[in-house]
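For reference, the structure discussed in these notes is given below.
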Amino acid sequence: MYMTTYGPESGVPLLFLHGGTGTGESHWKRQIKPFSEAGYRLYIPDLPGHGESVLDDPETYNRQVLIDAVVELLEAKGPMVCVGFSMGGHTLLGMLQDERTHPLVLGLVLIGVSIDDNAALQQWRKHFHPDSFARANPLFVRGMSRRHFPQGGPDAWRDVLIRDSAGSLEVKVDLEPISRLKVPTMVMRGDRDRAVDRTHHTALREMWTHADVCVIPAGGHDVQMLRSDLFNAILMDFLERNDKHFVPNWELTEDFEPALG
């Protein structure tokens with residue numbers, strides 16, 4: 001899996017997983033400079049089927065392909081603080097249903113995630129038909145064409161769009177095993193995010209009573225991009241407050257205080 005890295009090797013490792021139709025650097029470009037300059041070690045992959053990470057067999061593309069790639073990366077590089085946006089967050093939730101993966105995660109940040117294929121998410125995906133998407137977003141499609149060119153040429157973005165809106169990426173999360181993950185956690189969404197059912201955000205907050213909870217004002221789905229200054233400040237604060245806890249096999253203690261926002 002193709003990946004770029006930034007920041008000192010000695011820094012706390014942060015794994016940034018992008019959302020559907022994106023690439024690592026297109027969805028996290030506004031985080032690279034501030035967090036690497038703050039001394040963190042950033043790992044930013046293109047998930048399989050996106051950007052430079054070409055699929056061996058596009059017909060087998062599904063959520064498990066993404067999960068397996070992330071597990072392989074973490075097993076090779078070591079445990080990290082995992083930050084997942086949308087599809088990237090769903091991939092982390094899918095991974096964490098297997099409790100054997102819990103030691104691979106030092107901390108968890110989820111942005112714009114759902115816990116099942118709810119009506120809001122299904123409606124969001126209806127916008128992903130390539131022809132109508134191209135008519136509505138010509139400049140965005142030009143960028144997608146460039147980013148996903150390695151997948152098969154200038155029109156490969158169409159296949160990426162179709163794959164990421166297909167049933168093979170259905171979201172269905174079993175919260176019971178995930179509830180036993182005990183690491184510093186933050187759940188975040190924009191207050192105008194139309195792709196996320198707010199009750200799912202509440203369910204995650206109630207499951208992880210230790211978690212930070214954040215709703216970004218005037219924020220849509222991709223708050224790390226469109227509200228990057230505020231997002232970066234909130235994430236930086238979370239990382240700084242929990243720095244001493246980002247160690248393998250850390251357990252919650254009585255002095256741990258989540259932040260609600």
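What's counted below: heavy atoms across the whole structure, side chains too, no hydrogens, waters or symmetry copies.
Of the possible donor and acceptor atoms, none in the side chain of Asp222 sits under 3.5 Å from a partner among the backbone N and O of His27. The main-chain N or O of Gly219 is never found under 3.5 Å from a side-chain atom of Arg189 such that the two would form a donor-acceptor pair. At least one donor-acceptor pair closer than 3.5 Å links the side chain of Gln151 to the backbone N or O of Gly51. Within the 3.5 Å criterion, the main-chain N or O of Gln97 finds no donor-acceptor partner in the side chain of Thr101. A donor-acceptor contact shorter than 3.5 Å links the side chain of Arg227 to the backbone of Pro217. Under the 3.5 Å distance criterion, the side-chain polar atoms of Arg163 are left unmatched by any main-chain donor or acceptor of Tyr61. Without hydrogens or angle criteria, Ser145 side chain to Pro154 main chain gives a donor-acceptor distance under 3.5 Å. Judged purely by atom type and a 3.5 angstrom limit, Thr91 uses its side chain to pair as donor or acceptor with the backbone of Met87. Here the side chain of His50 pairs no donor or acceptor atom with the backbone of Gly22 at under 3.5 angstrom.
Under the 4.5 Å side-chain criterion, counting only non-hydrogen atoms from C-beta, Leu17 is in contact with Pro45. Under the 4.5 Å side-chain criterion, counting only non-hydrogen atoms from C-beta, Val113 is not in contact with Val173. In this structure, Phe231 and Met188 have side chains that are in contact, with non-hydrogen atoms separated by less than 4.5 Å. For the pair Ser132 and Arg135, the minimum side-chain heavy-atom distance is below 4.5 Å. In this structure, the side chains of Val71 and Met95 come closer than 4.5 Å at one or more pairs of heavy atoms. Annotation: side chain of Phe246 is not in contact with side chain of Val183 (no heavy-atom distance under 4.5 Å). At least one side-chain heavy atom of His201 sits under 4.5 Å from a side-chain heavy atom of Val215. You'll find the side chain of Val70 reaches within 4.5 Å of the side chain of Leu47, heavy atoms only.
Separation of atoms CG (Leu92) and CG (Leu15) is listed at 7.0 Å; rounding is to 0.5 Å. A distance of 9.0 Å separates CG in Leu74 from CG in Leu106, rounded to the nearest 0.5 Å. Distance CG/Leu204 to CD1/Ile178: 8.0 Å, rounded to 0.5 Å. The structure places CG of Leu235 at 11.0 Å from CG of Leu230, a figure rounded to the nearest 0.5 Å. Summarising the geometry, atom OG1 belonging to Thr4 is positioned 5.0 Å from atom CD1 belonging to Ile44; distances are rounded to the nearest 0.5 Å. The line from CG of Leu96 to SG of Cys82 is 7.5 Å long, rounded to the nearest 0.5 Å.
In terms of heavy atoms, Met80 sits closest to Leu73 at CE-CD2, 3.7 Å. Considering every non-hydrogen atom in both Asp191 and Ala218, the closest pair reads OD1-N, 2.9 Å. Annotation for Ala195 and Ser114: closest pair O-OG, 3.7 Å, computed over non-hydrogen atoms. Residues Pro177 and His102 share a closest heavy-atom pair of O-CE1, 3.2 Å. In plain terms, the two heavy atoms of Trp208 and Leu181 that are nearest each other are NE1-O, 3.7 Å. Looking at every heavy atom in both residues, Ser53 comes nearest to Met1 through OG-CG, 3.5 Å.
Leu110 and Leu226 sit in two unconnected hydrophobic clusters of ILVMFWY residues. Membership requires side-chain heavy atoms under 4.5 Å apart, directly or through other members. Connection of Val141 to Met225 is not established within any shared hydrophobic cluster, with ILVMFWY side chains joined at heavy-atom distances below 4.5 Å, either directly or through further cluster members. Tracing side-chain contacts under 4.5 Å through hydrophobic residues (I, L, V, M, F, W, Y), one never reaches Val65 starting from Val160; they form parts of separate clusters. Taking hydrophobic clusters as Ile, Leu, Val, Met, Phe, Trp and Tyr residues chained together by side-chain heavy-atom distances below 4.5 Å, Leu66 shares a cluster with Val105. Clustering ILVMFWY residues whenever any of their side-chain heavy atoms sit less than 4.5 angstrom apart, transitively, puts Ile111 in the very cluster that holds Ile32.
Among residue pairs with one or both ends in residues 8-20, none qualify as side-chain hydrogen bond (donor to acceptor under 3.5 Å, both in side chains); sequence neighbours excluded.
For Phe133, the ring-ring contact (aromatic ring centres under 6.0 Å, His included) test picks out Phe128, Phe140, with sequence neighbours left out. Listed by chain and number, the residues in a ring-ring contact (aromatic ring centres under 6.0 Å, His included) with Tyr2 amount to none (sequence neighbours excluded). Partners of Glu59 under the side chain to side chain donor-acceptor pair (under 3.5 Å) rule, at least two apart in sequence or in another chain, do not exist in this structure. For Asp131, the side chain to side chain donor-acceptor pair (under 3.5 Å) partners at least two apart in sequence or on another chain are Arg158. Gln224 pairs by the side chain to side chain donor-acceptor pair (under 3.5 Å) definition with nothing, not counting sequence neighbours.
Heavy atoms from other residues, nucleotides or ligands lying under 6.0 Å from CZ of Arg100 number 12 at most. More than 12 heavy-atom neighbours from other residues, nucleotides or ligands sit within 6.0 angstrom of CD on Glu99.
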Tyr6/Lys33 under side chain to side chain contact (heavy atoms under 4.5 Å, CB included): CA gap, chis, key distance, verdict
CA-CA 9 Å; Tyr6 300 90; Lys33 187 174 188 289; over 6 Å; no

Carefully, step by step, assess Leu14 and Gln31 under the rule side chain to side chain contact (heavy atoms under 4.5 Å, CB included).
CA-CA 11 Å; Leu14 308 181; Gln31 284 67 52; over 6 Å; no

Hey, mind stepping through Asp116 and His200 against side chain to side chain contact (heavy atoms under 4.5 Å, CB included) and telling me if it holds?
CA-CA 8 Å; Asp116 65 32; His200 294 196; 3.1 Å; yes

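A salt bridge links Asp237 to Arg241: at least one charged side-chain nitrogen sits closer than 4.0 Å to a carboxylate oxygen.
By the 30° and 60° cut-offs, the orientation of the rings of Phe16 relative to Trp28 is tilted.
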